[in-house]
2 protein chains.
Amino acid sequence: MASPTVENYLKALLALSRQRDTVSISDLSAELGVSKPSANSMIKRLAEQGLLEYERYRPLRLTEEGRKQAALVVRKHRLTEMYLVEKMGFGWEEVHPIAEQIEHIDSPALFERMDQLLGSPDFDPHGSPIPDRQGNISARIGQRLSGCEPGDVVILTGLENSSPDFLRYLNEKGLRLDAVIKVAARESYDGSMRIIYGGREETLPKGTADQLLVATQLRAPASGTSTR
Amino acid sequence: MASPTVENYLKALLALSRQRDTVSISDLSAELGVSKPSANSMIKRLAEQGLLEYERYRPLRLTEEGRKQAALVVRKHRLTEMYLVEKMGFGWEEVHPIAEQIEHIDSPALFERMDQLLGSPDFDPHGSPIPDRQGNISARIGQRLSGCEPGDVVILTGLENSSPDFLRYLNEKGLRLDAVIKVAARESYDGSMRIIYGGREETLPKGTADQLLVATQLRAPASGTSTR
DNA sequence: CTACAAAGTTAGCATAGGCTAACATTGTTT
DNA sequence: AAACAATGTTAGCCTATGCTAACTTTGTAG
Ligand SMILES: [Mn+2]
Ligand SMILES: [Mn+2]
Ligand SMILES: [Mn+2]
Ligand SMILES: [Mn+2]
């Protein structure tokens with residue numbers, strides 16, 4: 001079993017490799033809030049364990065094994081977040097720090113039970129996909145709301161940003177996943193959008209609309225069929 | 001926040017001090033499965049932190065602060081076990097190793113939520129008392145079944161032994177907490193007891209009857225409402 | 001009282017993680 | 001090509017936690 005520290009490094013490497021084409025030690029150290037020498041010494045150990053391909057001064061790349069282990073930690077994290085929200089009544093803005101810890105629990109049975117009680121969900125409370133038991137990660141669904149045109153009717157399927165502040169802001173606006181949103185207007189001057197949803201009408205600055213992922217269909221149902 | 005290691009030491013010290021009048025470093029090292037020098041160096045650190053009173057060659061004694069911190073870890077452990085059994089469908093023989101990990105999660109909100117969803121239970125799935133939020137531990141209820149007389153009708157309220165093997169053995173016998181047990185006979189030769197409960201009749205060796213705690217009343221109900 | 005065994009302690013070492021300061025490499029910008 | 005900033009690496013140090021081997025203290029059995 002990998003230590004919590006190693007699991008966090010693997011997760012960070014996976015997240016970074018999905019954001020950029022090439023991942024550096026600086027990226028990693030910034031992502032985890034550790035010094036570059038700390039990241040440097042850890043990547044050597046990960047490489048020794050066959051979890052990372054590494055040559056001095058070259059970009060970092062997870063091996064297939066490393067990628068899989070990282071995805072399985074993400075699976076535990078997102079199942080936990082879903083469980084906390086759906087079964088324990090937490091708000092979506094509260095669950096990340098708890099899941100950050102519970103993801104390191106070594107108990108396949110615990111996470112299997114969560115999965116079963118939740119009906120094998122495909123997405124976490126923030127709309128991010130939950131990797132399957134083999135570590136496969138399905139693509140996220142949706143495009144930015146900021147790219148929609150007046151008249152479009154879409155469904156909120158995910159968030160580009162899940163910071164507590166942003167989530168609390170959405171709470172105040174009454175915006176939740178699966179909300180049906182009609183685009184009323186877009187201000188060409190600053191890109192802000194007027195939207196109608198759930199009996200409300202609000203104006204979102206472009207920066208906010210950029211963070212909201214929307215689609216014209218509800219997300220895939222639980223029974224693991226491939227969409228998209 | 002204490003590290004998981006420190007929390008485990010505190011818990012072991014509390015458990016030992018409830019078993020014996022005086023706790024030694026040898027006891028502690030045996031309980032935790034670490035070497036005596038390891039225990040020795042840890043107690044020095046605990047003493048520095050004001051969690052333990054310690055003089056060379058003298059018995060160990062938790063301070064009030066140490067006792068409280070230990071009890072609060074036990075609270076997290078037992079709430080978790082209860083949650084896993086009552087809300088997630090685990091068997092009482094499966095939950096200890098999971099709770100041994102989850103007890104170290106730093107999230108008051110998580111355990112408050114468990115407590116609330118469970119209706120503030122007083123006992124864990126093995127009949128052990130759940131310390132309150134101030135770290136007070138109520139007395140366990142019941143005497144050994146082996147001390148009962150033929151004709152006595154009692155209720156199973158707790159276990160002296162919660163090892164997985166013993167719990168599985170009780171599963172096979174269909175013995176569960178709150179079972180109503182009638183003592184049919186006791187063999188004076190070897191102390192084995194014939195008991196009747198839940199439509200079954202079984203003979204328990206004295207060693208087993210020693211591990212079962214029974215009372216003539218149901219255990220204290222959770223604040224207000226009674227559980228099943 | 002004396003031995004001896006058990007218990008406790010110390011010394012020395014190891015591994016996992018983390019840090020800062022200093023040095024080296026790389027790639028970009030004149 | 002030279003210089004510089006960004007990036008990466010090394011060296012040296014720290015804390016937490018563990019170990020074994022060796023020594024000391026304590027308490028008990030003769
Ligand atoms: Mn999260
Ligand atoms: Mn984590
Ligand atoms: Mn337990
Ligand atoms: Mn534990």
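Quick note: numbers below take in every heavy atom, side chains included, and nothing from hydrogens, waters or symmetry partners. Chain A is the first sequence line, chain B the second, and so forth, proteins listed ahead of strands; every chain is numbered from 1.
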### Query
Just by modelled atom types, is the B:Ser35 backbone N or O under 3.5 Å from a matching donor or acceptor in the B:Ser29 side chain?
no

#### Entry: Closest-nucleotide ordering on DNA chain C, the 5'-leading residue of A:Pro4 and A:Tyr57
A:Pro4

### Task
Could you tell me the separation between the CZ atom of B:Arg58 and the P atom of D:dT25, rounded to a whole number of Å?
15 Å

### Task
Can you see which heavy atom on A:Ala2 is nearest to which on A:Gln69, and at what distance?
CB-OE1, 4.3 Å

### Task
Measure the distance from NZ on B:Lys36 to P on D:dG18 and round it to the nearest whole Å.
17 Å

### Query
What integer distance in Å separates B:His104:NE2 from D:dT17:P?
12 Å

### Task
Look at the aromatic rings of B:Tyr83 and A:Tyr83 and report parallel, tilted or perpendicular, splitting at 30° and 60°.
perpendicular

### Query
Would you find more than 12 non-hydrogen atoms of other residues, nucleotides or ligands less than 6.0 Å from A:Gln19 atom CD?
yes

### Task
Rounded off to whole Å, could you give me the CZ-to-P distance for the B:Arg56 and D:dT24 pair?
14 Å

### Message
Counting the atoms with a prime plus P, OP1 and OP2 as sugar-phosphate, which does A:Ser26 contact under 4.0 Å by heavy atoms, base, sugar-phosphate, or nothing?
### Response
sugar-phosphate

#### Entry: Of residues 41-55 of chain B, the positions that come close to DNA chain D - non-hydrogen atoms, cut-off under 4.0 Å
B:Met42, B:Arg45

### Query
Taking the six-membered ring of B:Phe111, is the NZ or CZ of B:Arg75 close enough (under 6.0 Å from the centre) and on axis enough (within 45°)?
no

### Atom pair CG/CG of A:Leu167 and A:Leu159 - distance to nearest 0.5 Å
6.5 Å

### Task
Just call it for B:Thr5: base, sugar-phosphate, or nothing, with non-hydrogen atoms closer than 4.0 Å on any strand.
sugar-phosphate

## Note on the structure
Ranking D:dG18, D:dA21, D:dT9 by distance to the side chain of A:Asn40, first place goes to D:dT9

### Message
With a cut-off of less than 4.0 Å, is there a side-chain N or O of B:Ser35 near OP1 or OP2 of D:dG18?
### Response
no

### Between D:dA16 (P) and B:Tyr9 (OH): distance, integer Å
14 Å

### Message
Among B:Ser3, B:Ser38, B:Pro4, exactly one meets side-chain contact (heavy atoms from CB on, under 4.5 Å) together with B:Tyr9. Which residue is that?
### Response
B:Ser38

### Task
Taking heavy atoms of chain A and a 4.0 Å limit, find me the 5'-most and 3'-most nucleotide of DNA chain C within that range.
C:dA16 to C:dT25

### Task
Flag the pair B:Asp190 and B:Lys206 as a salt bridge only when some basic side-chain nitrogen lies within less than 4.0 angstrom of an acidic carboxylate oxygen.
no

#### Entry: Among A:Arg78, A:Arg133, A:Lys76, A:Lys87, the one residue meeting salt bridge (charged side-chain N to carboxylate O under 4.0 Å, His left out) with A:Asp115
A:Arg133

